[in-house]
2 protein chains.
Amino acid sequence: MCEDRRSRRRRDPAATRTALLRAAAELFAERGFEQTTVRDVAARAEVNQALLFRYFGSKQELFAEVLNRNSETLLETVPPAELPRRILENVLSEGAVVGGEHTLVGMLRSFGDERAARVLRDELGESYSRRLARLSDARDARLRADLVLAWLFGIGMLRSVLRKSPLAEADEREVLDHVTRTVALLLENSESGDPAEE
Amino acid sequence: MCEDRRSRRRRDPAATRTALLRAAAELFAERGFEQTTVRDVAARAEVNQALLFRYFGSKQELFAEVLNRNSETLLETVPPAELPRRILENVLSEGAVVGGEHTLVGMLRSFGDERAARVLRDELGESYSRRLARLSDARDARLRADLVLAWLFGIGMLRSVLRKSPLAEADEREVLDHVTRTVALLLENSESGDPAEE
DNA sequence: GACAAAAGTAAGCAACCGCTTACCAAAAGT
DNA sequence: ACTTTTGGTAAGCGGTTGCTTACTTTTGTC
């Protein structure tokens, strides 16, 4: 009561920016791109919603920034060989760190939207699969990497978004075992002879 | 000109119902649940949009009916052993038959929406994965079936919805080979000894 | 042909969406 | 101390959404 309702904090643009970014990361992860409204984001960040557009221009650009920020950490710190494991771990243990690197589930929930899909394909999928492709020395390593990525996404879909049983309730380690074992088989060069060389 | 603009056809409730159903199947497949509006459906069916609610009650119920109708044909005619192949073929050759059994891509596009997801999980995923589980005699056959389903969905996602390259441009047969070979390895009982029997 | 049930239509409601505008107050520059 | 710049705010615009309502027209039945 000693404090006026307006200007509760001394102005701090950097703080409100990151507050918006954090709130957006949480909400995109929880509900996906479409189901998250700019009013929701602003409300959770306790910030006027017009500021969202001042700082990020549009909802789409905000989404892109959230994705980039959170994928960088995972992509740059983890060596390629452990990438499938780490991505899967991230997808399997949903609800762990909300503010952290956990936007993957949000990505999955946003596939349906055309604009969000474009961001995902152009800015994220490419860097992920290029890294994964290093794990195979087959002629079609890039394709196999995409198949691995597709599997990880699909598992996240069914488990975290669709919540399909028994996958949704399955033990994390059990799933991890199946996938890592099978992925290794997929990536190893099956066609040793290579009869058709183009 | 000899024909009045209203009542161009003699009234045929069954015809308008199936017209709505067909238009909905096409649009859901093309754009997904959320991006398809009831006005779009009614327009393509050349039917007043209020009739959609007379016949189906809500957009959600219409979606459920479309999914059920189209999955029945695939599930009841195809033997389990060929199911992965057939599902994948269906997903890979997008844009083939729009009015036919090709709503799978539409399913994928609709994952983001909570209501659509519920329909998918309860009415579809269950019957698909129960069938797939027959292909493995492992203790955790159901889980492995879910992993197969997840892969097929993920591939459809990346290829048809996200259009990620090189997967999107890859040869249909090449993808089919990789997947069928690897799925077989996943489904075969890896733990022959089965030390922990519950 | 009268009449009730069913099929079809036009219009609009209430809510929500992303985004913009006009304005105000706090900070920074001088 | 005055002005400029900038962070913050309230209000609302134009559009879309799923769905409803009040109404007209056709159809089957006697």
Side-chain angles (χ1 to χ4, degrees), chain A residues 3-21 23-24 27-28 30-66 109-110 112-119, chain B residues 3-21 23-24 27-28 30-66 109-110 112-119:
Chain A
E3 180 181 57
D4 200 357
R5 69 197 46 167
R6 46 199 156 182
S7 83
R8 53 189 59 149
R9 313 179 197 122
R10 298 174 82 106
R11 289 194 172 177
D12 188 350
T16 60
R17 213 190 113 98
T18 58
L20 279 169
L21 220 40
L27 284 165
F28 282 142
E30 291 172 16
R31 313 182 192 173
F33 180 78
E34 281 193 310
Q35 296 292 330
T36 301
T37 72
V38 293
R39 287 173 172 85
D40 290 338
V41 176
R44 182 168 296 195
E46 294 181 358
V47 152
N48 189 292
Q49 62 119 348
L51 292 177
L52 190 151
F53 294 95
R54 181 192 290 284
Y55 285 119
F56 301 99
S58 73
K59 183 190 179 186
Q60 195 175 177
E61 292 176 80
L62 173 63
F63 183 67
E65 184 137 344
V66 167
R109 277 190 227 275
S110 309
D113 187 87
E114 191 67 35
R115 298 160 298 170
R118 213 172 50 78
V119 174
Chain B
E3 178 182 57
D4 199 358
R5 70 196 47 168
R6 48 198 154 183
S7 82
R8 53 189 60 147
R9 312 179 197 122
R10 300 173 81 109
R11 285 193 175 179
D12 188 350
T16 61
R17 212 190 114 97
T18 59
L20 279 169
L21 221 39
L27 284 165
F28 283 141
E30 290 173 17
R31 313 181 191 174
F33 180 78
E34 283 193 306
Q35 297 291 333
T36 301
T37 72
V38 295
R39 285 173 173 84
D40 290 337
V41 176
R44 182 168 296 195
E46 293 181 358
V47 151
N48 189 291
Q49 62 120 346
L51 292 177
L52 189 151
F53 294 94
R54 181 192 291 284
Y55 284 119
F56 300 99
S58 73
K59 183 190 178 187
Q60 195 176 175
E61 291 177 80
L62 173 63
F63 182 67
E65 184 137 344
V66 167
R109 275 191 228 274
S110 310
D113 188 88
E114 191 67 35
R115 298 159 298 172
R118 213 171 50 76
V119 174

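Note on naming: letters A, B, ... go to the chains in the order of the sequence lines (proteins, then strands), and numbering restarts at 1 for each one.
The distance from atom CZ of B:R31 to atom C1' of D:dT17 is 14 Å, rounded to the nearest whole Å. Regarding A:L52, its CG atom lies at a distance of 13 Å from the C1' atom of C:dT20, rounded to whole Å. The interatomic distance linking B:Q60 (CD) with D:dT17 (P) rounds to 18 Å, in whole Å. Here C:dA28 presents its P atom at 11 Å from CG of A:D12, a figure rounded to the nearest Å. Taking atom CZ of A:F53 as the reference point, atom P of C:dA22 lies 17 Å away to the nearest angstrom. When rounded to the nearest whole Å, the span between CZ of B:R11 and P of D:dT26 equals 7 Å. If you measure from atom CG of B:L51 to atom P of D:dA22, you get 18 Å, rounded to the nearest angstrom.
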Nucleic acid footprint by protein, nucleotides 11-17 of chain C - heavy-atom cut-off 4.0 Å, B for base, S for sugar-phosphate alone: BB----B
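Comparing atom distances between the B:R54 side chain and each of C:dC19, C:dA7, D:dC19 picks out C:dA7 as nearest.
Within 4.0 Å of B:Y55, counting heavy atoms only, lie sugar-phosphate atoms of the nucleic acid but no base atom.
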- request: Just do the side-chain contact (heavy atoms from CB on, under 4.5 Å) check on A:D40 and A:R31 with the steps written out, would you?
  value: CA-CA 11 Å; A:D40 290 338; A:R31 313 182 192 173; 2.8 Å; yes
- request: Carefully, step by step, assess A:F33 and A:V119 under the rule side-chain contact (heavy atoms from CB on, under 4.5 Å).
  value: CA-CA 11 Å; A:F33 180 78; A:V119 174; over 6 Å; no
Verdict with supporting geometry, B:Y55 and B:L62, side-chain contact (heavy atoms from CB on, under 4.5 Å): CA-CA 9 Å; B:Y55 284 119; B:L62 173 63; over 6 Å; no
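Under a 4.0 Å N-O distance rule, the pair A:E61/A:R115 does not qualify as a salt bridge. In this structure, B:E34 does not pair ionically with B:K59, as no charged nitrogen and carboxylate oxygen lie closer than 4.0 Å.
Using N1 to N3 plus N6-O4 or O6-N4 for Watson-Crick, or N1-O2 and O6-N3 for G-U wobble, each under 3.5 Å, C:dA22 pairs with D:dT9.
Using cut-offs of 30° and 60° for the angle between ring planes, the A:F63 and A:F28 rings count as perpendicular.
Of the possible donor and acceptor atoms, none in the side chain of B:S110 sits under 3.5 Å from a partner among the backbone N and O of B:A116.
Contact annotation: B:S58 does not reach the phosphate of D:dG18 (side-chain N/O to OP1 or OP2, under 4.0 Å). The side chain of B:T16 places no N or O atom within less than 4.0 Å of a non-bridging phosphate oxygen (OP1 or OP2) of C:dA7.
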